[in-house]
Amino acid sequence: MEKERILVVDDEENVREMISKIINLIGHEVVITGSGKDALEILKNEPFSIMITDIKMPGMDGFELMKAVRDQFPDIHFICMTAHGASHTYTDVLAVGATDYITKPFTIDEMRAKLNRVIREKNLIADLTQKSMELEKANEELKRLDQLKSTFISSVSHELRTPLTVIKEFISLMLEGHVGALSEDQREYLGIANKNIIRLTNLIETLLDFSRIESGKGLKLKFEPTRLMEVIEDAVMTFSQQLEEKRITVENRLDPDIPLVLIDRNRLVEVFINLIGNGIKFTPPGGKITIDSKGLTEKRDSLKVVVTDTGVGISPEDLPKIFDRFYQGGRTQTGLVTGTGLGLAIAKEIIETHQGVIHAESKSGSGASFVFTLPVFAIETIYNLLLNPMFEEAERDKVPFSLIRVEFWDQRSKRESMLSKESWEGVMYALQKMVRSVDTVIPFRNSVVYIFSFNDKKLAKEIGERVQVKLAQGSYIPKGTDVQFRTYSYPKEARTKEDFLKGCRLLLRED
Ligand code: ADP
């Protein structure tokens, strides 16, 4: 048994002496004192692990003493002594931080039992504290290694990208016949090289996305009103050869008139490439991949999209895990070893950054369906996905923020003028060049353009005037059309953040 150093505090001398003897007999070292004040003095100069104190004492009583000791020497454990018949309960004593209490008079066995209990508890706590410190240290180390790994992935991927781009360019030059005619074999081999470079590029992009997500920076998206059909066509095109080789058909059942979606076009191509790529990978030859829409969500602000295949499906055990990073499911059944297990994790991140949701449905053996939502292009989503986050960014960086509303008016009818598709494209092209790349230009219904700009009122007005002059000078708009604009700026024109956002909503809604 390890010897403990115990301080005994009791105002009655004979009691102190008696306890001292008992503790010595048990085999611990003991120091005795008659008052709380003296006890505190002694504790300042000598280390003790346990203090046994009477409760009822003149001057500082046991409760006050324990409180003072707990504040100054938090590692000391207490046993309280109460006289027989005293009114304190066990809970009173525990409430001030004592481990146990003992009623006077007591036998040596009773004291030994109490002391053993306190010592056991003290050792246990010391052990736990030690373990928790070790765990914390190990955790710190893991975090450091994890950070190192992320930095490593990020820098390696960046480094790999440049030489790969060069290789790709040269192979393209050769394939396009710029350096002389190619034989059949040369063309075939370069084609294979090219296909693998594309695979490698996709892999590197996946790793870069992964490290962006991991570092907490998140994916930076560029939202723009987009036709989903075009996104799907882009994605499907990258697989034309594989689809042909595996005799898999892609059926696009989307209605060409579905509303525009407010998305980051390139990121969504990535999502479709991942879903269709998986579909091809897990579907036997002769199968089919279908892309369809289930219409709008209940709130009517998102479109439900479904990608279904006729492949091996996903087992109920795998289903909840397939969106986890690095999860690759029951590979043994399919014998497939390609992939990183990151594709769906990134697809999920992209959809969620669009404030959408994604999930998978499958009955093992009868194909898999991936269902996700995308924001439709509307005032509400412009507000949620573009204006609000940009304004928050301005707030955080303490820069001004302005909303510029550009409208087109027919001079004769004095009514809003809807521009033709061609004029509209020209206007958008001109506007994009007139604002900084951090600002956003959003066309709405061929008659209004919103510009969200990190500028103050004065500069916002300047932008508006420049737009007016440029569009009138260049032949971007038909004759007889006026360009008008309004600006609304923070902090100049709204006292609070809430007021400004409310004002923006009104300005966006106005037709
Ligand atoms: P991987 O690079 O392994 O394809 P993903 O994150 O894209 O990584 O997919 C994770 C896992 O989900 C896959 O390994 C596979 O087990 C399962 N999975 C994904 N798509 C399908 C699908 N269309 N059919 C069957 N299983 C799928």
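Whatever order the structure lists them in is the order used to number ligands and atoms, beginning at 1. Atoms considered below: every heavy atom in the structure, side chains included; atoms not considered: hydrogens, waters and symmetry mates. Residue indices begin at 1 and follow the sequence shown.
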Any nitrogen or oxygen of G341, side chain or backbone, less than 3.5 Å from one on ligand 1?
yes
Does the N or O separation between L344 and ligand 1 drop below 3.5 Å for any pair?
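So ligand 1 has an N or O lying under 3.5 Å from an N or O of L344.
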What is the ring orientation for W424 with F408, classed by angle as parallel under 30°, tilted 30 to 60°, or perpendicular over 60°?
perpendicular
Take every heavy atom of G313, measure it against each atom of ligand 1, and state whether any distance is under 4.0 Å.
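Contact present.
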Please tabulate, one pair per line, all N/O donor-acceptor pairs under 3.5 Å involving side-chain atoms of residues 428-444, not counting sequence neighbours.
residue, atom, partner, partner atom, Å
R436, NH2, F454, O, 3.0
D439, OD1, F454, N, 3.1
D439, OD2, S453, OG, 3.0

At a 4.0 Å threshold, what atoms of ligand 1 neighbour a non-hydrogen atom of I322?
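Those of ligand 1 that fall under 4.0 Å from I322 are 10 (C), 12 (O), 17 (C).
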Which ligand 1 atoms, with their elements, are less than 4.0 angstrom from a heavy-atom of K281?
1 (P), 2 (O), 4 (O)
Nearest heavy atom to atom 10 (C) of ligand 1: which of Y327, F370, F323 does it belong to?
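Minimum heavy-atom distance to atom 10 (C) of ligand 1 goes to Y327.
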Once you restrict to heavy atoms under 4.0 Å, what part of D309 touches ligand 1? Side chain, backbone, both or neither.
side chain
Which bit of N274 gets closer than 4.0 Å to ligand 1, counting heavy atoms only: side chain, backbone, both or neither?
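It is the side chain that gets close, since no backbone atom is under 4.0 Å.
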Are the charged groups of D209 and R267 less than 4.0 angstrom apart, N to O?
yes
After noting the C-alpha distance and the side-chain angles of I248 and K288, does the key distance pass the side-chain contact (heavy atoms from CB on, under 4.5 Å) rule?
CA-CA 5 Å; I248 292 178; K288 190 161 93 176; 5.8 Å; no
Check side-chain hydrogen bond (donor to acceptor under 3.5 Å, both in side chains) between K149 and all other residues, then give those that pass, not counting sequence neighbours.
D146, E214
Is it the case that the ring center of F272 lies less than 6.0 angstrom away from the ring center of F372?
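They qualify: ring centres under 6.0 Å apart.
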